[in-house]
Amino acid sequence: MEGVSSHNGIASPSHNKEHKKRKYVLGPDGKPLKGPDGHRIRVKQEPREQEISSGDAHHTKKHPKVKTEKRHSDVDSTHRNKSVKKEKHGEKRKHSESENGVKDKKKKTDRGDASPTKKVKKEETQEKWKWWEEAGQDKDNTIKWKFLEHKGPVFAPPYEPLPDHVHFKYDGKVMRLQPEAEEVMTFYAKMLEHDYTTKEDFNRNFFGDWRKVMTAEEKAHIKDLGKCNFVAVADYFKMKSEERKARSKEEKQMEKKNNEALIEEYGFCDWDHHKEKIGNFKLEPPGLFRGRGNHPKMGKLKKRLNPEDVIINCSKNSQIPKPPSGHKWKEVRHDNTVTWLVSWTENVQGQNKYIMLNPNSRVKGEKDWQKYETARNLKSKVGKIRENYMRDLKSTEMMVRQRAVALYFIDKLALRAGNEKEDGESADTVGCCSLRCEHIKLHKHLDDKDFVVEFDFLGKDSIRYYNKVPVLKQVFKNLSLFMEDKEGGDDLFDRLNTSTLNKYLNSLMDGLTAKVFRTYNASITLQNQLLELTDPEDENVASRLLSYNRANRAVAILCNHQRAAPKNFSEQMGRMNDKIRKKQDEIQDAKQQVKSAKSDYKHMKTEGKRKLYENKKKRVARLQEQLIKLEVQATDKEENKEIALGTSKLNYLDPRITVAWCKKYEVPVEKVYNKTQRDKFAWAIAMVDETYEF
DNA sequence: CCGCACACTTAGCAGTTTAGAT
DNA sequence: ATCTAAACTGCTAAGTGTGCGG
């Protein structure tokens with residue numbers, strides 16, 4: 001049933017109002033672009049091998065430069081102070097302390113105490129609910145709702161057996177499978193082109209699970225994956241998808257309509273009498289588990305869910321969703337201390353999965369807001385905390401020393417906390433506290449720098465973190481000490497784990513945990529970078545956006561948010577450069593024409609000649625404008641090759657910083673936030689002016 | 001203390017749609 | 001009109017952090 005496909009929201013209107021003049025932005029010769037300060041932009045080299053800038057969050061840099069160069073100067077101890085000063089240096093700071101105070105207060109107290117409960121607004125129409133304007137009523141943080149009603153989940157469409165003419169073959173012979181085994185077979189067939197199917201673990205896991213759903217006869221017959229031929233089946237699905245793409249406008253319209261209807265019916269819930277959007281109301285369909293990185297369970301069968309697997313959570317006095325006929329829910333509960341509407345246990349890893357609200361909902365939005373308030377709170381405490389861990393670097397107690405070093409990493413490099421994981425159950429990845437000796441190398445000297453730590457490990461999603469960082473001498477000494485008499489596979493911080501670390505952090509500041517440092521450092525970096533990179537003189541929106549993207553990029557690099565380079569990247573890049581060159585030639589040519597038109601006009605001072613001359617000049621200007629746009633695009637693209645900006649934008653950057661920047665520099669918010677993002681950050685967009693300071 | 005269950009946030013990728021170039 | 005790249009969305013895996021029971 002093709003029925004379920006995307007229903008995406010409206011695309012952001014791409015306001016095409018590049019107006020006004022700009023100045024430099026980049027060399028007219030197509031050479032690497034320079035920032036306002038003439039700082040040259042890095043050039044990426046080896047594909048996946050790149051270094052991350054030593055990512056000193058406290059040290060604002062012109063560009064998200066990546067390469068190792070520079071950075072010697074601050075073998076630390078001073079960087080804290082620097083950063084503090086840096087914050088001031090823009091003298092832009094509009095004494096927003098007071099403003100912060102107000103906002104904080106509004107927020108905290110609102111949430112906290114008994115401010116008058118506004119009448120519960122019925123959400124009659126499309127009118128978006130401005131929950132952030134409302135006085136918070138529940139002081140009790142553990143109660144998430146008083147009333148919750150929803151229609152339950154949407155199940156995956158049932159399996160449609162293959163038509164008779166589509167054949168799976170075993171050992172060269174056509175073999176018809178029973179629906180259970182056939183369905184699982186199609187999961188594999190659909191992935192035939194994928195890299196996964198070349199992996200031994202994937203194949204073994206798949207084959208094992210596949211055999212579990214076979215009948216006795218099937219099982220007796222199918223003994224070797226190597227003898228299976230899925231090609232015809234794979235082709236069939238390819239054909240189906242072509243077919244789908246080629247459907248008529250009307251059919252596509254129709255499907256869209258149906259989808260919208262589905263969303264209307266299942267995509268919303270009544271949460272304390274507000275109509276709120278649900279994030280994921282469809283249950284995950286069955287398929288083969290695609291773990292990231294070297295996941296031991298890749299290829300295992302993710303089973304089809306039945307109502308009997310599903311727990312419903314809603315108000316007692318609500319319309320309780322009905323299970324499909326002939327079925328029962330696993331359980332219906334009424335737990336208002338949690339935010340999920342539906343949950344189930346996924347069979348591959350045994351984890352719970354949930355249906356929850358969309359990010360634009362009150363419950364998610366408030367949480368997000370709170371997160372940034374906690375991070376801002378850290379801003380005022382961080383100096384003290386840094387002093388603390390500096391001191392602790394020399395503690396006589398090993399655990400304290402380890403804690404200090406770990407904290408130093410988390411703060412300076414924005415590493416994740418690094419909870420321990422059950423081994424063998426998932427890919428071998430680490431964070432700060434779970435670093436092993438083999439993940440770092442110590443260099444007393446390296447490329448002109450002293451006390452360099454070379455990190456090389458796989459982090460979340462098996463994304464490689466590779467970085468060479470000069471550290472404090474004391475940190476360096478401690479690290480050698482921690483590694484004494486240990487093997488590569490031993491924990492670097494053997495006396496430390498995230499829970500003790502977080503407990504300690506919590507004692508320093510309410511709500512402080514390791515991840516707050518990531519949020520804090522990301523946001524403060526954005527703020528600093530924006531201040532530094534935005535040229536007030538240059539009013540061109542395109543170049544301002546480039547500045548924004550660069551600031552964003554600095555954060556992405558700090559947080560190590562990577563992506564696979566787009567397909568055909570170098571070809572694309574080549575094409576862009578061709579275009580630029582062509583444009584340059586055009587400009588040359590146009591300039592010639594201006595010259596001759598000019599002399600023409602000098603010889604014969606007619607109105608016509610003058611017009612011609614003017615027009616030629618205008619053309620040059622227009623072409624130059626286009627050239628700059630192209631060059632900016634090319635630069636942005638090049639710099640962004642393997643950097644993912646979305647994650648930090650969505651999860652780490654206080655949206656109020658961005659909104660304030662937009663207001664200050666008259667950049668329309670929709671240039672930096674698409675529809676979804678504006679929706680998620682509606683609270684920030686509504687409440688902030690250009691004076692906001694993180 | 002710990003191990004584990006649970007809830008919730010953060011993450012990259014794939015597929016689809018849209019915009020822009022030719 | 002057709003092609004291509006960019007933008008966007010959905011998806012779901014993989015983290016973080018809390019709290020509980022032993």
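These values consider heavy atoms only, across backbone and side chains, with no hydrogens, waters or symmetry-generated copies. Numbered from 1 within each chain, the chains take letters A, B, ... in sequence-line order.
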- request: Say whether A/K649 and A/T658, considering side chains only, have a donor N or O and an acceptor N or O under 3.5 Å apart.
  value: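 Judged by distance alone, the side chains do not pair up.
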For nucleotides 20-22 of chain C, which of its nitrogen or oxygen atoms have a protein nitrogen or oxygen under 3.5 Å away, and what is each distance?
none

Sub-4.0 Å heavy-atom contacts from residues 339-347 of chain A onto DNA chain B, ordered by number: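 Output list: A/T339, A/W340.
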- request: For atom NZ of A/K199, decide whether the heavy atoms of other residues, nucleotides or ligands shown that lie under 6.0 angstrom number more than 12.
  value: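 Above 12, so yes.
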Gap between atoms [atom1] and [atom2], on [X] and [N] respectively (whole Å):
X	N	atom1	atom2	value
A/E422	C/dG15	CD	P	14 Å
A/K680	C/dC8	NZ	C1'	15 Å
A/K503	B/dC2	NZ	P	9 Å

- prompt: Which nucleotide in the set B/dC8, C/dT12, B/dA11 lies at the smallest distance from any side-chain heavy atom of A/K353?
  reply: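 The listed nucleotide nearest to A/K353's side chain is C/dT12.
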query: What about A/W683 and A/W369, are their ring centers closer than 6.0 Å?
result: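 A/W683 vs A/W369: aromatic centres under 6.0 Å.
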message: Tell me if the centroids of the rings in A/F455 and A/F409 come within less than 6.0 Å of each other.
response: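 Yes: the rings meet the under 6.0 Å criterion.
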message: Distance criterion of 3.5 Å, no angle test: do you see the side chain of A/K371 paired donor-to-acceptor with the base of B/dT9?
response: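 In this structure, the two groups form no donor-acceptor pair.
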- request: Quick one: label A/K302 by what it contacts on the DNA or RNA (base, sugar-phosphate, nothing), any heavy atom closer than 4.0 Å.
  value: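 Since only primed, P, OP1 and OP2 atoms lie under 4.0 Å of A/K302, the category is sugar-phosphate.
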